[in-house]
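Contents: one structure, followed by commentary.
Just so it is clear: chains get the letters A, B, ... in the order the sequence lines come, proteins before strands, and each one is counted from 1.
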Amino acid sequence: MSNVTLKELSVQLAAGACSSVELSRDFINKINSLNKDLGCFITVDAERTLAQAKAADAQRAAGHAGPLTGVPLAHKDIFCAEGWLTTCGSRMLANFVAPYDAHVVERCNAAGMVTLGKTNMDEFAMGSSNETSYYGPVRNPWNRDLVPGGSSGGSAAAVAARLAPAATGTDTGGSIRQPAALTGICGLKPTYGLVSRYGMIAFASSLDQAGPMARSAEDLGLLLNVMAGHDPRDSTSLERPAEDYNRDLEKPLQGLRIGLPQEFFAAGLAPDVQRAVEAAVAEYKKLGATVVDISLPNMELSVPVYYVLAPAEASSNLSRFDGVRYGHRAAEYTDLMDMYKRSRAEGFGAEVKRRILIGTYVLSQGYYDAYYIHAQKLRRLIAGDFAAAFKQCDVIMGPTSPTTAFKLGEKSADPVQMYLSDIYTIAVNLAGLPGMSIPCGFDGGGLPVGLQIIGNYFDEARMLNVAHRYQMVTEWHQRVPPGIG
Amino acid sequence: MALTLDDVQRAAHLARIAVDDAEAGAALAQLTRVFGLIEQMRAVEVSGISPMSHAQDLVLRLRPDAVTEGDQRDHFQAIAPEVEAGLYLVPKVIE
């Protein structure tokens, strides 16, 4: 039962083939048997989950079921969910039981979806391997010596290991797409502003965006239909009419113009990844697409620009954690200043402190123009590259990540090596564009490779169409990690 | 421009994070690597380009100045480290 898509679960629940309680219990049992090895979940609360499932079944019995009523999903532990421990992967929030629901959680609940638990993540979403979590690493279901990517590593691994049919994630520099690629699942980061950030613990507010993670493009669309929508509580939430993101799924791809940026196929790309991505592009040509060579000349600046802007915003956002109103407070201190300093020194891990220090430095007097404003100017150049490219093509394709999954500990000693893992994803966040990753093959070691599809602003329906047509003629997205059934 | 131990300690103080000398030294080594990466960006000429602070050109919305939420003090203070009589307690600031 757990090896089926959201779409299939929706059909089975509607047909009365199973109840939400049975389904949820099935997933909880699987979580209980595998979570010790994989570390996907920080919090599971069977009682709370089954109560929600029971309510969903009652709603269905009363004739008020929507397409996803009773379907279970997992939430990244960055989303506040009332009554649930919400840690954001940090010791700072080890005792934080959220007093309210994030907009995303509220919408999933309103759709009748059932929360299976809160998934592990890099601390405050800062990381690309899920190794910075205070609650221990997540292991990649394809090979447990490897990382699942990050920061939404728990969500990705849970979906890959069939511990949840879908999950929510967030993506500031690649945190949905890179783990999706490394675990062989699908993930979509929508256009900035499509999904409300209310109740989503802030990292870099001008870049953070929530999105769905699932096993097929069709499932991503189903979940995005629930997650997206205007919310006046987030000042950057866009006011747009509601749309069905799956409305164009079946459209033929005849005449689709695919842009291939030369910068995505340069030095640093693993040969096996390049081969798989090129094979996917060849498949698209068979489906009627044409290929256009394009250039994103300022791409290589995206990593340094990001590591000024994101830490700057983070240093400001994370100043709220002061040990006064909630979260960790040091046991011993001499005065108020000492209480702040010790609480934050104890509550934050090494990577989070590093980024706060970078951000504080680049925003400090005398350095603000040279770093922060300079980076914001380059951000405009990077966004301009995409605007020029989309005059020549409908979607842009390339690898999601330069390599397949790497070993636990392999990059944790050198932050710069870790940061470069997001070299193909970061520019998309800087521009605010939608981007997604879908499985497109395997490397020589049997590890999944992700194909990145980047669309123009608000072009999610087209991207899902492009991904779905590929998934109709390939079966990479249906592969299951060894030993997972 | 090389980062110094003083820079690290100054940033840590501004960020209200306690660091001892050993931690500051370790942080300096790591931050020097990161700023090596960041320096690549500083070499690019940017005159005449306006800074981009946001993905969308948004106009901030206004809302009516109306009460929309009831009193939730007890609910929110239930997770506070230390409260008394509805107040958050911190060490004495004024002698």
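With a 6.0 Å cutoff to the six-membered ring centre and a 45° limit on the axis angle, Arg342(A) does not count as a cation-pi contact of Tyr333(A).
Ranked by heavy-atom pairs shorter than 4.5 Å toward chain B, the options Asp335(A), Leu363(A), Val362(A), Leu378(A) are led by Leu378(A). With respect to chain B, the highest number of heavy-atom pairs below 4.5 Å among Leu207(A), Leu318(A), Asn429(A), Val308(A) belongs to Val308(A). Of the residues considered (Ala80(B), Ala78(B), Ala18(B)), Ala18(B) shows the highest number of contacts with chain A, using heavy-atom pairs under 4.5 Å. Among Met52(B), Arg16(B), Arg61(B), the residue with the largest count of heavy-atom pairs under 4.5 Å with chain A is Met52(B). Between chain B and the residues Val97(A), Ile358(A), Ile356(A), Thr191(A), the largest count of heavy-atom pairs under 4.5 Å involves Ile358(A). Ranked by heavy-atom pairs under 4.5 Å with chain A, the list Glu23(B), His75(B), Gln40(B), Arg63(B) is led by His75(B). Residue with the most contacts toward chain A among Glu82(B), Gln77(B), Lys92(B): Glu82(B) (heavy-atom pairs, distance under 4.5 Å). When Gly432(A), Ser319(A), Ala375(A) are compared by the number of non-hydrogen pairs under 4.5 Å with chain B, Ala375(A) comes out ahead. In terms of heavy-atom pairs under 4.5 angstrom with chain A, the leader among Ser53(B), Ala15(B), Pro81(B) is Pro81(B). Ranked by heavy-atom pairs under 4.5 Å with chain B, the first of Val303(A), Leu301(A), Thr334(A), Leu309(A) is Leu301(A).
A donor-acceptor pair is defined here as one N or O able to donate and one able to accept, closer than 3.5 Å; such a pair exists between the side chain of Arg379(A) and the backbone of Leu430(A). Under the 3.5 Å distance criterion, the side-chain polar atoms of Asp171(A) are matched with a main-chain donor or acceptor of Gly174(A). Judged by distance alone, with hydrogens and angles left aside, the side-chain atoms of Ser343(A) form no donor-acceptor pair with the main-chain N or O of Lys341(A) at under 3.5 Å. Looking only at distances, a side-chain donor or acceptor of Lys189(A) sits under 3.5 Å from a matching main-chain atom of Leu433(A). In this structure, Glu351(A) contributes its side chain and Thr132(A) its backbone to no donor-acceptor pair below 3.5 Å. Under the 3.5 Å distance criterion, the side-chain polar atoms of Thr236(A) are left unmatched by any main-chain donor or acceptor of Gly193(A).
With a 4.5 Å cut-off on non-hydrogen atoms, Ala431(A) touches chain B through its backbone but not through its side chain. For a residue to count as touching a neighbouring chain, one of its non-hydrogen atoms must lie under 4.5 Å from one of that chain's; by this rule Val44(B) touches chain A with backbone and side chain alike. Interface residue Leu60(B): only side-chain heavy atoms are found under 4.5 Å from chain A. Looking at Ile17(B), both its backbone and its side chain come within 4.5 Å of chain A, counting heavy atoms on both sides. Contacts between Arg329(A) and chain B at a heavy-atom distance below 4.5 Å involve the side chain alone, from C-beta outward. For Phe96(A), the part lying near chain B is the side chain, with the backbone staying farther off; criterion is any non-hydrogen pair under 4.5 Å.
Aromatic pair His328(A)/Phe321(A): centroids not less than 6.0 angstrom apart.
The environment of Glu84(B) atom CD is sparse: at most 12 non-hydrogen atoms of other residues, nucleotides or ligands sit within 6.0 angstrom.
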Audit row: Asp231(A), Ser237(A), side-chain hydrogen bond (donor to acceptor under 3.5 Å, both in side chains) steps and yes/no: CA-CA 6 Å; Asp231(A) 175 14; Ser237(A) 165; 5.9 Å; no
